[in-house]
Number of protein chains: 2
Amino acid sequence: MEIACFIEAADRHCQQQGVKLTALRRQVLELVLGYPGVVKAYQVLADLQKQRGIAAPPTVYRALDFLVAAGLLHKVDALNGYIVCHHVGCNHEGLILVCGDCGRVEELDATPVLDVLRQQAGGAGFAISQQNLMLTGRCKECAV
Amino acid sequence: MEIACFIEAADRHCQQQGVKLTALRRQVLELVLGYPGVVKAYQVLADLQKQRGIAAPPTVYRALDFLVAAGLLHKVDALNGYIVCHHVGCNHEGLILVCGDCGRVEELDATPVLDVLRQQAGGAGFAISQQNLMLTGRCKECAV
DNA sequence: TTCTCAAATGTTACTTTATAACAAGCAACT
DNA sequence: AGTTGCTTGTTATAAAGTAACATTTGAGAA
(Lines give C-alpha, C1' and ligand atoms only; values in the text may rest on other atoms or scores of the structure.)
Protein backbone atom coordinates (compact mmCIF):
# COMPACT_ATOMS: atom_id res chain seq x y z
CA MET A 1 0.00 0.00 0.00
CA GLU A 2 1.36 3.33 -1.01
CA ILE A 3 0.19 5.23 2.02
CA ALA A 4 1.96 2.91 4.42
CA CYS A 5 5.10 3.29 2.38
CA PHE A 6 4.91 7.05 2.50
CA ILE A 7 4.26 7.03 6.23
CA GLU A 8 7.32 4.88 6.74
CA ALA A 9 9.45 7.29 4.74
CA ALA A 10 7.96 10.19 6.66
CA ASP A 11 8.82 8.51 9.91
CA ARG A 12 12.44 8.06 8.89
CA HIS A 13 12.51 11.65 7.70
CA CYS A 14 11.28 12.90 11.06
CA GLN A 15 13.77 10.81 12.98
CA GLN A 16 16.56 12.27 10.88
CA GLN A 17 15.28 15.74 11.70
CA GLY A 18 15.09 14.92 15.38
CA VAL A 19 11.34 15.50 15.57
CA LYS A 20 8.61 13.07 16.48
CA LEU A 21 5.91 11.80 14.17
CA THR A 22 3.46 11.04 16.96
CA ALA A 23 0.33 8.93 16.63
CA LEU A 24 -1.85 11.97 16.16
CA ARG A 25 0.41 13.52 13.56
CA ARG A 26 0.65 10.24 11.73
CA GLN A 27 -3.11 9.93 11.76
CA VAL A 28 -3.53 13.40 10.31
CA LEU A 29 -0.91 12.68 7.67
CA GLU A 30 -2.75 9.50 6.73
CA LEU A 31 -5.99 11.43 6.39
CA VAL A 32 -4.39 13.98 4.10
CA LEU A 33 -2.81 11.17 2.09
CA GLY A 34 -6.27 9.72 1.64
CA TYR A 35 -7.23 12.63 -0.58
CA PRO A 36 -6.03 12.93 -4.16
CA GLY A 37 -5.29 16.64 -3.88
CA VAL A 38 -5.91 19.64 -1.71
CA VAL A 39 -7.54 19.09 1.66
CA LYS A 40 -8.87 21.69 4.02
CA ALA A 41 -8.20 21.73 7.71
CA TYR A 42 -11.85 21.33 8.59
CA GLN A 43 -12.20 18.35 6.29
CA VAL A 44 -9.38 16.69 8.15
CA LEU A 45 -11.02 17.73 11.39
CA ALA A 46 -14.28 16.10 10.35
CA ASP A 47 -12.45 12.91 9.39
CA LEU A 48 -10.62 12.91 12.66
CA GLN A 49 -13.87 13.30 14.55
CA LYS A 50 -15.27 10.28 12.73
CA GLN A 51 -12.26 8.24 13.75
CA ARG A 52 -11.81 9.29 17.35
CA GLY A 53 -15.13 10.76 18.37
CA ILE A 54 -14.06 14.24 19.29
CA ALA A 55 -11.44 16.66 18.14
CA ALA A 56 -11.13 20.42 18.20
CA PRO A 57 -9.64 22.76 15.62
CA PRO A 58 -6.34 23.33 17.44
CA THR A 59 -5.68 19.61 17.39
CA VAL A 60 -5.77 19.54 13.62
CA TYR A 61 -4.06 22.86 13.03
CA ARG A 62 -1.17 21.93 15.28
CA ALA A 63 -0.67 18.65 13.52
CA LEU A 64 -0.87 20.30 10.10
CA ASP A 65 1.57 23.02 11.13
CA PHE A 66 3.97 20.40 12.32
CA LEU A 67 3.71 18.42 9.10
CA VAL A 68 4.29 21.53 7.03
CA ALA A 69 7.30 22.49 9.14
CA ALA A 70 8.64 18.97 8.74
CA GLY A 71 8.33 19.27 4.98
CA LEU A 72 5.76 16.52 4.67
CA LEU A 73 2.94 18.80 3.58
CA HIS A 74 2.67 22.07 1.73
CA LYS A 75 0.15 24.74 2.50
CA VAL A 76 -1.79 26.06 -0.47
CA ASP A 77 -2.57 29.61 0.60
CA ALA A 78 -4.78 30.45 -2.34
CA LEU A 79 -7.16 27.64 -1.41
CA ASN A 80 -6.71 27.55 2.36
CA GLY A 81 -5.67 23.96 2.01
CA TYR A 82 -2.89 21.43 2.31
CA ILE A 83 -1.27 18.94 -0.01
CA VAL A 84 1.18 16.12 0.50
CA CYS A 85 4.76 16.80 -0.52
CA HIS A 86 5.80 14.07 -2.89
CA HIS A 87 9.49 14.86 -2.77
CA VAL A 88 10.27 14.43 0.89
CA GLY A 89 13.80 13.16 0.59
CA CYS A 90 15.04 15.06 -2.41
CA ASN A 91 15.51 18.70 -1.58
CA HIS A 92 14.81 20.39 -4.85
CA GLU A 93 12.27 23.16 -5.08
CA GLY A 94 8.88 22.29 -6.45
CA LEU A 95 6.53 23.89 -8.89
CA ILE A 96 3.17 22.93 -7.49
CA LEU A 97 0.17 23.15 -9.78
CA VAL A 98 -3.21 23.01 -8.14
CA CYS A 99 -6.48 22.66 -9.98
CA GLY A 100 -8.87 25.15 -8.47
CA ASP A 101 -11.80 22.99 -9.51
CA CYS A 102 -11.04 19.44 -8.49
CA GLY A 103 -8.07 20.05 -6.22
CA ARG A 104 -5.80 17.75 -8.20
CA VAL A 105 -2.14 18.47 -7.72
CA GLU A 106 0.90 18.12 -9.94
CA GLU A 107 4.48 18.74 -8.90
CA LEU A 108 7.16 19.76 -11.36
CA ASP A 109 10.73 20.89 -10.94
CA ALA A 110 10.92 24.60 -10.27
CA THR A 111 14.70 24.83 -10.23
CA PRO A 112 15.18 26.44 -13.65
CA VAL A 113 12.47 29.02 -13.23
CA LEU A 114 13.56 29.82 -9.69
CA ASP A 115 17.03 30.53 -11.01
CA VAL A 116 15.48 33.20 -13.17
CA LEU A 117 13.38 34.50 -10.31
CA ARG A 118 16.39 34.67 -7.99
CA GLN A 119 18.21 36.77 -10.50
CA GLN A 120 15.25 39.06 -11.04
CA ALA A 121 14.63 39.44 -7.30
CA GLY A 122 18.33 39.96 -6.70
CA GLY A 123 18.21 42.94 -9.00
CA ALA A 124 15.62 44.46 -6.66
CA GLY A 125 17.75 43.74 -3.59
CA PHE A 126 15.87 40.67 -2.46
CA ALA A 127 17.46 37.36 -1.57
CA ILE A 128 14.87 34.65 -2.19
CA SER A 129 14.85 31.78 0.25
CA GLN A 130 14.35 28.12 -0.55
CA GLN A 131 10.70 27.58 -1.32
CA ASN A 132 8.10 26.13 -3.58
CA LEU A 133 6.17 27.91 -6.26
CA MET A 134 2.47 27.40 -6.04
CA LEU A 135 0.20 28.13 -8.97
CA THR A 136 -3.50 27.61 -9.37
CA GLY A 137 -5.30 26.86 -12.58
CA ARG A 138 -7.35 24.21 -14.33
CA CYS A 139 -6.26 20.70 -15.04
CA LYS A 140 -6.96 18.94 -18.32
CA GLU A 141 -10.07 17.19 -17.01
CA CYS A 142 -11.61 20.35 -15.60
CA ALA A 143 -10.82 22.54 -18.60
CA VAL A 144 -13.96 24.11 -20.05
CA MET B 1 0.47 64.51 -3.54
CA GLU B 2 1.27 61.06 -4.75
CA ILE B 3 -2.00 59.46 -3.76
CA ALA B 4 -4.07 61.96 -5.72
CA CYS B 5 -1.88 61.32 -8.73
CA PHE B 6 -2.36 57.59 -8.46
CA ILE B 7 -6.10 57.97 -8.07
CA GLU B 8 -6.21 60.08 -11.18
CA ALA B 9 -4.31 57.46 -13.13
CA ALA B 10 -6.58 54.78 -11.71
CA ASP B 11 -9.59 56.76 -12.85
CA ARG B 12 -8.29 57.00 -16.39
CA HIS B 13 -7.44 53.33 -16.31
CA CYS B 14 -10.99 52.42 -15.31
CA GLN B 15 -12.52 54.62 -17.97
CA GLN B 16 -10.39 52.92 -20.57
CA GLN B 17 -11.62 49.56 -19.32
CA GLY B 18 -15.22 50.72 -19.41
CA VAL B 19 -15.71 50.25 -15.68
CA LYS B 20 -16.55 52.80 -13.05
CA LEU B 21 -14.32 53.91 -10.22
CA THR B 22 -17.17 54.98 -8.01
CA ALA B 23 -16.86 57.11 -4.90
CA LEU B 24 -16.84 54.08 -2.65
CA ARG B 25 -14.24 52.27 -4.69
CA ARG B 26 -12.11 55.36 -4.85
CA GLN B 27 -12.39 55.75 -1.10
CA VAL B 28 -11.29 52.16 -0.52
CA LEU B 29 -8.42 52.58 -2.94
CA GLU B 30 -7.30 55.70 -1.09
CA LEU B 31 -7.39 53.84 2.19
CA VAL B 32 -5.23 51.04 0.81
CA LEU B 33 -2.86 53.61 -0.66
CA GLY B 34 -2.48 55.09 2.80
CA TYR B 35 -0.63 52.00 3.95
CA PRO B 36 3.00 51.36 3.06
CA GLY B 37 2.53 47.65 2.41
CA VAL B 38 0.02 44.87 2.84
CA VAL B 39 -3.43 45.79 4.18
CA LYS B 40 -6.14 43.47 5.36
CA ALA B 41 -9.78 43.75 4.43
CA TYR B 42 -10.87 44.32 7.99
CA GLN B 43 -8.34 47.09 8.47
CA VAL B 44 -9.85 48.83 5.49
CA LEU B 45 -13.30 48.13 6.90
CA ALA B 46 -12.36 49.74 10.20
CA ASP B 47 -10.98 52.79 8.41
CA LEU B 48 -14.10 53.02 6.33
CA GLN B 49 -16.26 52.87 9.43
CA LYS B 50 -14.30 55.77 10.92
CA GLN B 51 -14.90 57.81 7.81
CA ARG B 52 -18.54 57.08 7.11
CA GLY B 53 -19.97 55.79 10.36
CA ILE B 54 -21.09 52.38 9.27
CA ALA B 55 -19.96 49.78 6.81
CA ALA B 56 -20.35 46.02 6.56
CA PRO B 57 -17.86 43.44 5.31
CA PRO B 58 -19.46 42.96 1.89
CA THR B 59 -19.05 46.65 1.18
CA VAL B 60 -15.30 46.39 1.55
CA TYR B 61 -14.90 43.00 -0.07
CA ARG B 62 -16.85 44.06 -3.11
CA ALA B 63 -14.76 47.16 -3.52
CA LEU B 64 -11.54 45.21 -3.04
CA ASP B 65 -12.63 42.54 -5.50
CA PHE B 66 -13.41 45.22 -8.04
CA LEU B 67 -10.05 46.90 -7.55
CA VAL B 68 -8.24 43.59 -7.93
CA ALA B 69 -10.22 42.76 -11.06
CA ALA B 70 -9.43 46.20 -12.41
CA GLY B 71 -5.74 45.58 -11.83
CA LEU B 72 -5.35 48.34 -9.30
CA LEU B 73 -4.66 46.04 -6.38
CA HIS B 74 -3.15 42.61 -5.93
CA LYS B 75 -4.31 40.07 -3.43
CA VAL B 76 -1.61 38.49 -1.31
CA ASP B 77 -3.10 35.13 -0.42
CA ALA B 78 -0.42 34.07 1.99
CA LEU B 79 -1.15 37.08 4.17
CA ASN B 80 -4.88 37.47 3.52
CA GLY B 81 -4.11 40.97 2.38
CA TYR B 82 -3.98 43.41 -0.46
CA ILE B 83 -1.32 45.66 -1.92
CA VAL B 84 -1.47 48.47 -4.40
CA CYS B 85 -0.35 47.58 -7.90
CA HIS B 86 2.32 50.05 -8.87
CA HIS B 87 2.26 49.11 -12.50
CA VAL B 88 -1.24 50.12 -13.48
CA GLY B 89 -1.65 50.18 -17.20
CA CYS B 90 1.10 47.68 -17.88
CA ASN B 91 -1.49 44.93 -17.59
CA HIS B 92 0.90 42.51 -15.99
CA GLU B 93 0.94 39.84 -13.34
CA GLY B 94 2.90 40.68 -10.26
CA LEU B 95 5.97 39.10 -8.80
CA ILE B 96 5.55 40.07 -5.20
CA LEU B 97 8.54 39.86 -2.91
CA VAL B 98 7.94 39.95 0.80
CA CYS B 99 10.74 40.38 3.29
CA GLY B 100 10.27 37.83 6.02
CA ASP B 101 12.03 40.12 8.48
CA CYS B 102 10.60 43.59 8.08
CA GLY B 103 7.49 42.86 6.01
CA ARG B 104 8.53 45.22 3.26
CA VAL B 105 6.96 44.46 -0.08
CA GLU B 106 8.38 44.92 -3.56
CA GLU B 107 6.54 44.24 -6.76
CA LEU B 108 8.12 43.31 -10.04
CA ASP B 109 6.70 42.18 -13.33
CA ALA B 110 6.07 38.46 -13.39
CA THR B 111 4.84 38.31 -16.97
CA PRO B 112 8.00 36.90 -18.54
CA VAL B 113 8.53 34.23 -15.95
CA LEU B 114 4.84 33.32 -15.99
CA ASP B 115 5.10 32.82 -19.72
CA VAL B 116 7.72 30.19 -19.04
CA LEU B 117 5.66 28.71 -16.24
CA ARG B 118 2.55 28.56 -18.43
CA GLN B 119 4.47 26.61 -20.99
CA GLN B 120 5.89 24.23 -18.43
CA ALA B 121 2.50 23.77 -16.77
CA GLY B 122 0.84 23.34 -20.13
CA GLY B 123 3.09 20.38 -20.76
CA ALA B 124 1.60 18.79 -17.66
CA GLY B 125 -1.95 19.53 -18.79
CA PHE B 126 -2.51 22.54 -16.58
CA ALA B 127 -3.88 25.89 -17.71
CA ILE B 128 -2.54 28.48 -15.29
CA SER B 129 -4.93 31.25 -14.40
CA GLN B 130 -4.09 34.92 -14.08
CA GLN B 131 -2.30 35.36 -10.79
CA ASN B 132 0.58 36.77 -8.86
CA LEU B 133 3.68 35.01 -7.76
CA MET B 134 4.57 35.58 -4.17
CA LEU B 135 8.01 34.84 -2.85
CA THR B 136 9.52 35.37 0.56
CA GLY B 137 13.10 36.27 1.30
CA ARG B 138 15.26 39.00 2.74
CA CYS B 139 15.43 42.56 1.52
CA LYS B 140 18.72 44.43 1.23
CA GLU B 141 18.31 46.16 4.56
CA CYS B 142 17.59 42.96 6.43
CA ALA B 143 20.30 40.90 4.75
CA VAL B 144 22.62 39.34 7.31
C1' DT C 1 -39.84 64.12 -18.35
C1' DT C 2 -40.77 59.73 -16.59
C1' DC C 3 -39.94 54.97 -16.89
C1' DT C 4 -37.12 51.13 -16.69
C1' DC C 5 -33.32 48.32 -16.24
C1' DA C 6 -28.90 47.12 -14.70
C1' DA C 7 -25.25 48.03 -11.82
C1' DA C 8 -23.87 49.38 -7.33
C1' DT C 9 -24.48 49.61 -2.55
C1' DG C 10 -26.82 48.58 1.96
C1' DT C 11 -28.17 45.22 5.32
C1' DT C 12 -28.69 41.05 7.95
C1' DA C 13 -27.20 36.93 9.02
C1' DC C 14 -24.23 33.39 8.61
C1' DT C 15 -20.23 30.19 7.28
C1' DT C 16 -15.55 29.15 7.16
C1' DT C 17 -10.96 29.57 8.81
C1' DA C 18 -7.79 30.12 12.51
C1' DT C 19 -5.84 31.17 17.13
C1' DA C 20 -5.38 32.41 22.23
C1' DA C 21 -5.07 30.73 26.66
C1' DC C 22 -4.88 27.53 29.99
C1' DA C 23 -5.32 22.56 31.69
C1' DA C 24 -3.94 17.92 31.49
C1' DG C 25 -1.15 14.11 29.93
C1' DC C 26 2.98 11.70 29.00
C1' DA C 27 7.64 10.26 28.15
C1' DA C 28 12.54 10.75 29.33
C1' DC C 29 15.84 11.74 32.46
C1' DT C 30 17.77 12.61 37.39
C1' DA D 1 9.20 9.66 42.87
C1' DG D 2 10.17 14.44 40.97
C1' DT D 3 10.95 17.52 37.38
C1' DT D 4 11.18 19.13 32.82
C1' DG D 5 9.60 19.93 28.28
C1' DC D 6 6.91 18.65 24.62
C1' DT D 7 2.35 17.15 23.13
C1' DT D 8 -2.49 17.07 23.33
C1' DG D 9 -7.17 18.42 25.24
C1' DT D 10 -10.56 21.97 26.00
C1' DT D 11 -13.05 26.20 25.91
C1' DA D 12 -13.83 30.21 23.96
C1' DT D 13 -13.31 33.59 20.63
C1' DA D 14 -11.16 36.15 16.83
C1' DA D 15 -10.54 36.82 11.95
C1' DA D 16 -11.84 36.23 7.21
C1' DG D 17 -15.22 35.78 3.81
C1' DT D 18 -19.94 35.03 1.64
C1' DA D 19 -25.12 34.30 0.72
C1' DA D 20 -29.29 36.36 0.03
C1' DC D 21 -32.25 39.87 -0.41
C1' DA D 22 -33.47 45.04 -0.07
C1' DT D 23 -32.57 49.54 -1.64
C1' DT D 24 -30.51 53.12 -4.23
C1' DT D 25 -28.75 55.30 -8.24
C1' DG D 26 -27.73 56.65 -12.76
C1' DA D 27 -27.88 56.20 -17.80
C1' DG D 28 -30.59 55.31 -21.66
C1' DA D 29 -35.35 54.43 -23.75
C1' DA D 30 -40.14 55.66 -24.20
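Any value given below was found using the heavy atoms of this structure, including those in side chains, with hydrogens, waters and symmetry copies removed. Letters go in sequence order (proteins before strands), and every chain restarts at 1.
A sub-4.0 Å separation between OP1 or OP2 of C/dT16 and a side-chain N or O of A/Asn80 is absent. Between C/dT17 and A/Lys75, no contact under 4.0 Å exists linking OP1 or OP2 to a side-chain N or O. For the OP1/OP2 pair of C/dA7 and a distance below 4.0 Å, the side-chain nitrogens and oxygens of B/Arg62 include no atom meeting the criterion. Considering only side-chain N and O atoms, B/Lys40 lies under 4.0 angstrom from the phosphate OP1 or OP2 of D/dA16.
Within the 4.5 Å cutoff, side-chain heavy atoms of B/Leu21 are placed close to those of B/Phe66.
Across all strands, A/Thr59 comes closer than 4.0 Å to base atoms (heavy-atom distances).
Not a single donor-acceptor pair under 3.5 Å links the side chain of B/Glu141 to the backbone N or O of B/Cys139.
Put simply, A/Tyr42 does not rest on the base of C/dT16: the two rings are not both less than 5.5 Å apart at their centres and under 30° in tilt.
Taking both residues in full, the closest heavy atoms of A/His74 and A/Asn132 are given as CE1-ND2, 2.8 Å, listed atom of the first, atom of the second, then distance. In terms of heavy atoms, A/Asp109 sits closest to B/Gln120 at O-NE2, 3.0 Å.
What separates CG of A/Asp77 from C1' of D/dA16 is a distance of 14 Å, to the nearest Å. To the nearest angstrom, P of D/dT18 lies 11 Å from CG of B/Leu64. Nucleotide D/dC6 holds its P atom 17 Å from the CD atom of A/Gln17, rounded to whole Å.
Taking only side-chain atoms of B/Tyr61, from C-beta outward, the nucleotide of C/dG10, C/dT9, D/dT18 with the closest atom is D/dT18.
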